[in-house]
J.: 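Pasting in a structure now, in structure tokens, and then I'll have a few things to ask.
Order of listing sets the numbers, starting from 1, for every ligand and every atom in it. Below, each value reflects all heavy atoms present in this structure, side chains not excepted, and no hydrogens, waters or symmetry copies.
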Amino acid sequence: MTTRDGSHGTGSGRPAWKLLAITAALAALFAVGVTALLVNIFQRQQEARDPFFRVVELTDETVDPAVWGKNFPSQYDSYRRTVDQQRTRFGGSEAVPRTPTAADPRSVVSQSRLEEDPRLKTMWAGYAFATDFREERGHAYMLDDQTYTERQQVVKQPGTCIHCHGSVYVPYKKLGGGDLIKGFEAMNKMPFGEARKLVEHPVACIDCHDPSTMQLRVTRPGFLEGIKLVKAKAGIENYDVNTMATRQEMRTYVCGQCHVEYYFKGPEKRLTYPWRDGIKGDEILAYYDKEGFSDWTHAETGAKTLKAQHPEFEMYSQGIHARSGVACADCHMPYQREGALKVTDHHVRSPLLNVNRACQTCHKWSEAELTARAQIIQERVFGLRNRAMDALMALIADTKAAREKGASEAQLDEPRRQQRAAQFLLDFVEAENSVGFHAPAEAERLLAVSIDLARQGQIALLRAGAPAPPVSKMPPAVVASSK
Ligand code: HEC
Ligand code: HEC
Ligand code: HEC
Ligand code: HEC
Ligand code: HEC
């Protein structure tokens, strides 16, 4: 054999005993290393077996997250970081300073979406959303932003609103004499101001966790009832999400409690998720048509219109990640290592602010490449969304002009119905906060249908011989546009 200096080991230079000594030393070192590793693994297993160091007793009435935080300081710390505001290309949010007033004590809000795109005011003409609509921000703000939005001033909002903006689990149970659903029904019927006094915290630990086992649970009546409808349509009767869902499904369902399309049903203002006939945008539209439901009458055209809101759960469900079993929490609450523990990051935010942990656990591409892939999807969807918005504006302008020139109700009927449909499908993508990322092809499909319906509405107006000539101008024929 040849030693490193080029001489032969057993001949001249290095004697054999030296080699033996080195080998023995290496073996000893190796043994020490293995032992240390075993001890370390053992310690880690111990930690992993009982990761919860309980300092205080938690009950099914402990609402205050600071109390839970004594047992789970790491999760509590990250939970509190949802106050951070940082913008991404299409998401996140911007901290906009404002002067506090008696009516609205907030000193920071997020940017106005109405100022960013004034076409939204025309889309929602006559509805509260046309007065104030802002970019959503972290969970820490949910109760304040709802309490002080100007939409509270223009419309008397019901207690139903708080279902998704506060920690209602304990207040519902108290109000219902121990019965969650009874309390939910009672709060729905209250005026917002009265209900608001019963709720103290934004979404809190108790809303997603069982205090004795820390297992995930769904506490929101809207989702308990909504997911039953979804499963019934798939042939599963009497679905109980808290006993029948897998752990991975729960990592999505806890978010589906609130990040969904909803409406207030009947005079008792019951919060309802419109999922009986399916959860795709056009299936939900067909459901509202069957129920004869509309949110308001459009101020410029008289159409019976609908407002879509944050259908993240529904859209995500149509995408490749859902189909591959990836949950909301995988991207929005990824694990971070703390010693032996994998701790769930409770700083719920845009995954594009956290690509390393949110995406690279599964994808081998660089951060820059993963961000680019997400943004390419968003740019395409946003470009199409803008075309759909222009088409809708054209239909609204034509219908309004025809109406002012005295078109009959019969002549306006079909254009109005097309407006209702085109507008809802566009809003379904517009109100979905990932700008297409959660389900690119589905978002594009809905926008394509929306554009078609808006143009069909204009054609219907012409064919009905409505008195005003069309006034709309066609958008420039740009192939790719991100504006
Ligand atoms: C595969 C990863 C992934 C999954 C799974 C996922 N999201 Fe997202 N989500 C994203 C990305 C990427 C964005 C775009 C963020 C941006 O533009 O800054 C986003 C955006 C959002 C936003 C807007 C955030 C912002 O900062 O504007 C919300 C709200 C949201 N998702 C909720 C959900 C919910 C609820 C689920 C499950 C039903 C879910 N997401 C599933 C990756 C994911
Ligand atoms: C089904 C759950 C749910 C209900 C019910 C609900 N919200 Fe929200 N709300 C959300 C979610 C999720 C967001 C964040 C995503 C977004 O802004 O699109 C949000 C965001 C908001 C915001 C901040 C962004 C904006 O629109 O300016 C305000 C204000 C708000 N809601 C007011 C209300 C009011 C008023 C009601 C009652 C009429 C209500 N919410 C009912 C789930 C809900
Ligand atoms: C919106 C829902 C939600 C809220 C609110 C929430 N969590 Fe969690 N939490 C989760 C999810 C999702 C997981 C991952 C669970 C899993 O994979 O089984 C988790 C996991 C945990 C775990 C298990 C260990 C770990 O880190 O994975 C602990 C402990 C925990 N949360 C504590 C808290 C505390 C304390 C609060 C309040 C300060 C809180 N959570 C608020 C959704 C939530
Ligand atoms: C109790 C209802 C509720 C639950 C449960 C809930 N959210 Fe939210 N979420 C909201 C509301 C309301 C807002 C908007 C708050 C505001 O703008 O003031 C929001 C905002 C967000 C944002 C925007 C954050 C930012 O910084 O821009 C993301 C991302 C998000 N939620 C994801 C999730 C995920 C993922 C889950 C499940 C782990 C979840 N949410 C569970 C109601 C909820
Ligand atoms: C838990 C694993 C997991 C996480 C986390 C995850 N992905 Fe994925 N992603 C997948 C799987 C699985 C697919 C489907 C393709 C496949 O099977 O290889 C996919 C597909 C994609 C695609 C192709 C989409 C399409 O429509 O064809 C993109 C782009 C993507 N992911 C980006 C991201 C980004 C950005 C993040 C972080 C915000 C992320 N992914 C987080 C597992 C994951």
J.: Considering both backbone and side-chain atoms of Q157, is one of its nitrogen or oxygen atoms within less than 3.5 Å of a nitrogen or oxygen in ligand 2?
T.: no
J.: Does an N or O anywhere in T252 fall below 3.5 Å from an N or O of ligand 1?
T.: no
J.: With heavy atoms of A358 as the reference, note each atom of ligand 5 found under 4.0 Å away.
T.: 5 (C), 37 (C), 41 (C)
J.: Quick check: does S434 get an N/O under 3.5 Å from an N/O on ligand 1?
T.: no
J.: Purely on distance, is any nitrogen or oxygen of E312 under 3.5 Å from one on ligand 1?
T.: no
J.: Heavy atoms of the protein only: does one fall short of 4.0 Å from atom 23 (C) of ligand 2?
T.: no
J.: Looking only at distances, can you tell me whether any N or O atom of H438, backbone or side chain, sits closer than 3.5 Å to an N or O atom of ligand 1?
T.: yes
J.: Within the structure, does Y316 bring an N/O atom to less than 3.5 angstrom of an N/O atom in ligand 1?
T.: no
J.: In ligand 2, which numbered atoms sit nearer than 4.0 Å to a non-hydrogen atom of Q146?
T.: 32 (C), 33 (C), 34 (C), 36 (C), 39 (C), 40 (N), 41 (C)
J.: Can you list the ligand 2 atoms lying under 4.0 Å from a non-hydrogen atom of C164?
T.: 1 (C), 2 (C), 3 (C), 4 (C), 5 (C), 42 (C), 43 (C)
J.: Taking 2.8 Å as the cut-off, does H165 contribute an N, O or S atom near atom 8 (Fe) of ligand 2, distance below it?
T.: yes
J.: Can a cation-pi geometry be assigned to R420 and Y288, taking NZ or CZ under 6.0 Å from the six-membered ring centre and within 45° of the ring axis?
T.: no
J.: What N/O/S atom of H332 is the closest to atom 8 (Fe) of ligand 1?
T.: NE2
J.: For Q152 and ligand 2, does the shortest N/O to N/O distance drop below 3.5 Å?
T.: no
J.: Can you find a non-hydrogen atom of G222 under 4.0 Å from ligand 2?
T.: no
J.: Taking only heavy atoms of N433, which atoms of ligand 2 are found under 4.0 Å from at least one of them?
T.: 15 (C), 16 (C), 18 (O)
J.: Under 4.0 Å from any heavy atom of H259, which atoms of ligand 1 are there?
T.: 29 (C), 35 (C)
J.: For G92, counting its heavy atoms only, list the atoms of ligand 1 lying under 4.0 Å from any of them.
T.: 25 (C), 26 (O), 27 (O)
J.: At less than 4.0 angstrom from any non-hydrogen atom of T149, what atoms of ligand 2 do you find?
T.: 29 (C)
J.: Which atoms of the protein, restricted to N, O or S, are nearer than 2.8 Å to atom 8 (Fe) of ligand 5?
T.: H321 NE2, H363 NE2
J.: Can you figure out which of E150, E135, R151 has its heavy atom closest to atom 26 (O) of ligand 2?
T.: R151
J.: Could you tell me whether F192 approaches ligand 2 through its side chain, its backbone, both or neither, with non-hydrogen atoms closer than 4.0 Å?
T.: neither
J.: Between L271 and ligand 2, which residue portion shows a heavy-atom distance shorter than 4.0 Å: side chain, backbone, both, or neither?
T.: side chain
J.: Which ligand 1 atoms, with their elements, are less than 4.0 angstrom from a heavy-atom of C255?
T.: 35 (C)
J.: Near P351, which atoms of ligand 5 are under 4.0 Å from a heavy atom of that residue?
T.: 38 (C)
J.: Mark yes or no: K307 above the aromatic ring of F129, with NZ or CZ under 6.0 Å from the six-membered ring centre and no more than 45 degrees from the axis.
T.: yes
J.: Check each heavy atom of F133 against ligand 2 and say whether those closer than 4.0 Å belong to the side chain, the backbone, both or neither.
T.: both
J.: Does any N, O or S atom in C331 come within less than 2.8 Å of atom 8 (Fe) of ligand 1?
T.: no
